[in-house]
Amino acid sequence: MEEKSNKEETKSLNFIEEIIEEDLKSNVYGGKVHTRFPPEPNGYLHIGHAKSICLNFGIAKKYNGQTNLRFDDTNPVKEDVEYVDSIMEDVRWLGFDWEDRLFYASDYFEQLNEYAVILIKKGKAYVCEMRSEEMSATRGTPTRPGQESPYRERSVEENLDLFTRMRNGEFPDGSKVLRAKIDMASPNMQLRDPVIYRILHATHHRTGDKWCIYPMYDFAHGQSDSMERITHSICTLEFEVHRPLYDWLIREIGIYAPRQIEFARLNLSYTMMSKRKLLELVQEGRVNGWDDPRMPTICGLRRRGYTPEAIRNFADTIGVAKRDNVIDFSLLEFCIREDLNKRSDRIMAVLNPVKVILDNYPPDLEEEVEAVNNPEDESRGKRTISFSRELYIEREDFMEDPPKKFFRLSPGSEVRLRAAYIIRCDHVVKDPKTGEITEIHCTYDPLTKSGMPESNRKVKGTLHWVSVKHAITAEIRLYDRLFSKENPDETAEGKDYKDFLNPDSLKTVTGFLEPSLKTAKPGDKFQFERIGYFTVDKDSTNDHLVFNRTVTLKDSWAKHEKNQ
Ligand code: ATP
Ligand code: MG
């Protein structure tokens, strides 16, 4: 509740909205808002991208504008259609629609090439033949100017000729580049004659072998925004230092200028967002693919059981910041709990069973008891559950020698069985070899059935249960956080992020479930009473049900953090 009222109070404009409203007032872009989401198709989208998607599409929607989806596909070596397809699927799943505005930077290669020629003709770009190591060595440092390239003063004709021959495939990879001629002494390193085109004899996933020169990201990005008439080009903070370069290119080429606004990228504790490292986890088999439910990828979260609503609400709740920060993973978990609480039916499942035998219950009797499906949503109705003499309860719900505040079952004590009767424990039977409890013998009170007058009798604990002879089994994958360290990227000596993988991030158990779950389909979501929220996995079949734990009912990491 508190969270909600806070949110409403802070619904003032964020700094990006403030800028946009100013622009709308002064009519800079003809009163229009046109944003874009520009992923590079070199990996699957993660929760950080979701933040950017929600921001770009959300802002355009708020101001009746439009959002483009554009693939910044300038690096054929690392890109793939597999990624293009997954990105489109994820953006759609998050609930956003680019309508007919799907673009690719590779569609602009001809135009970008022409822009490069414009710069060459103005004497603002030159073909350089320095090796890349030489180029880095002569770039200088932020406090020491770089050295000018010996090729810097080539004539326009020579540059035009060489650039054409680069395009025609006359030179090998790495032998020449086109550089913008800006200022080797600029305090901004980005302006020290950056490379804008390189030779790469590689097959592009869309343009095939048509090109053997490719624009650098920095040359493609701003010009693509310009061609698409983007009004507000929203990007993450690391591009702030690139902005003077983008401005310079647009000015020198002489084309329409969008406005770039930077915000702090999303960082989440207990995980990381580097596409390179996520790819490593996949390739080394440390997780089971990009959609492993422990991955911070959108497809991983989806498979885990996250909903688009929860992710959008999360993005909204964290807002936009101008400075880098780390958001606690438990906030994301809070958002999914809040959403699943409203939408998922309750069922009873026992994951670590011990048998309860009701000695005074007729051996052949079976009863149907009635349970509410979702106390948060009356329209979800009720269901009946079979009750019988032998039940499973959770082993943790019984203690032979309990401490004072143990309100569950123990010898001589009473508990209520959810939607059924009050029972009292009389004695236990143990395995003579191991000492493990194998049966808990109880007496049930027939007058305490739900709905009967005696059912209101005060007992401290209520337990969930399933009837042994009616229960169905399922594979239950108990997922937890992928890393056990708050910042796995923070490398201590000799260690890297892989040393901090949580060894307990996946435990598999066999659960005993209400028979109503027999027909559950992949993607269906439930609250297992008193345990957590669970989603049917895509591996699930009619003969072999598989559930993923989406999130526990309570934040079990809060305690862990305090103890750390
Ligand atoms: P790369 O290092 O491969 O460029 P990237 O994470 O920047 O990785 P892009 O595909 O370029 O990947 O990202 C697409 C968009 O998503 C960019 O506009 C980028 O700013 C934004 N984005 C990426 N990561 C985050 C993040 N953690 N938080 C917010 N926005 C992000
Ligand atoms: Mg990027």
Side-chain angles (χ1 to χ4, degrees), residues 14 16 35-60 67-80 82-88 90-91 94 96 98 102-106 205 215-222 224-225 228 230 232-243 246 258-280 282 290 295-301 311-312 314-329 331-332 487-489:
N14 66 46
I16 298 179
T35 59
R36 84 286 173 268
F37 173 63
E40 187 184 347
N42 61 353
Y44 281 66
L45 296 183
H46 53 57
I47 183 76
H49 294 115
K51 167 74 215 167
S52 175
I53 293 167
C54 292
L55 186 59
N56 278 294
F57 281 89
I59 281 201
T67 306
N68 296 357
L69 174 62
R70 179 178 71 240
F71 288 101
D72 267 341
D73 53 351
T74 52
N75 184 0
V77 182
K78 292 199 169 153
E79 294 159 6
D80 199 277
E82 174 195 349
Y83 301 132
V84 170
D85 294 341
S86 75
I87 289 170
M88 291 202 275
D90 290 348
V91 175
L94 277 174
F96 299 106
W98 55 89
L102 171 63
F103 302 105
Y104 294 84
S106 55
H205 65 100
M216 301 304 290
Y217 177 85
D218 276 346
F219 189 70
H221 185 75
S224 300
D225 278 348
E228 292 175 16
I230 299 304
H232 298 86
S233 174
I234 302 169
C235 60
T236 41
L237 279 183
E238 68 272 24
F239 290 101
E240 194 171 0
V241 290
H242 297 237
R243 176 150 40 96
Y246 296 167
R259 174 176 194 145
Q260 176 169 310
I261 308 170
E262 302 90 8
F263 73 102
R265 64 171 48 228
L266 166 65
N267 297 304
L268 255 190
S269 61
Y270 295 98
T271 189
M272 45 165 217
M273 313 272 186
S274 155
K275 279 194 268 188
R276 182 179 62 78
K277 291 178 185 165
L278 294 176
L279 177 65
E280 236 166 55
V282 173
W290 284 99
M295 290 281 271
T297 50
I298 296 179
C299 55
L301 291 167
I311 295 176
R312 292 201 303 260
F314 171 71
D316 210 37
T317 305
I318 58 178
V320 284
K322 284 189 199 182
R323 265 176 229 291
D324 279 319
N325 57 9
V326 181
I327 303 288
D328 202 298
F329 199 85
L331 182 61
L332 180 62
N487 181 358
D489 252 340

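One is the number of the first residue; the rest follow in order along the sequence. Each ligand, and each atom within it, is numbered from 1 in the order the structure gives.
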Heavy-atom closest pair (Val84 atom, Tyr104 atom, distance to 0.1 Å) is CG1-OH, 3.7 Å

Would you mind listing which atoms of ligand 1 come within a distance below 4.0 Å of any non-hydrogen atom of Ser52?
16 (O), 21 (C), 30 (N)

Can you find an N/O atom of Tyr217 closer than 3.5 Å to an N/O atom of ligand 1?
no

For Glu280 and Ser274, what are the C-alpha separation, side-chain angles and deciding distance, and is it a side-chain contact (heavy atoms from CB on, under 4.5 Å)?
CA-CA 10 Å; Glu280 236 166 55; Ser274 155; over 6 Å; no

Sub-4.0 Å heavy-atom approach of Phe239 to ligand 1
no

For Phe57 together with Phe96, are the ring centres under 6.0 Å from each other?
yes

Mark up the atoms of ligand 1 that fall under 4.0 Å of a heavy atom belonging to Thr236, in ascending order.
20 (O), 29 (C), 30 (N), 31 (C)

Output the distance between atom CE (Met216) and atom CG (Asn75), rounded to the nearest 0.5 Å.
8.0 Å

Do Phe71 and Phe103 make the cut of ring centroids closer than 6.0 angstrom?
no

Does only the side chain of Ser274 get under 4.0 Å from ligand 1, or the backbone, or both, or neither? Count heavy atoms.
neither

Shortest heavy-atom approach to atom 7 (O) of ligand 1 - which of Arg265, Glu262, Met272
Arg265

If hydrogens are left out, which of Met273, Lys51, Lys275 has an atom nearest to atom 3 (O) of ligand 1, that is, the closest non-hydrogen atom?
Lys275

Test item: side-chain donor near acceptor, Ser106 and Asp73, under 3.5 Å:
yes

Under 4.0 Å, counting heavy atoms only: does Arg276 come that close to any atom of ligand 1?
no

Which bit of Asn42 gets closer than 4.0 Å to ligand 1, counting heavy atoms only: side chain, backbone, both or neither?
side chain

Is any NZ, NE, NH1 or NH2 atom of the basic residue among Glu228 and Arg36 found under 4.0 Å from an Asp or Glu carboxylate oxygen of the other?
no

Looking at ligand 1, does any of its N/O atoms fall within less than 3.5 Å of an N/O of Leu266?
yes

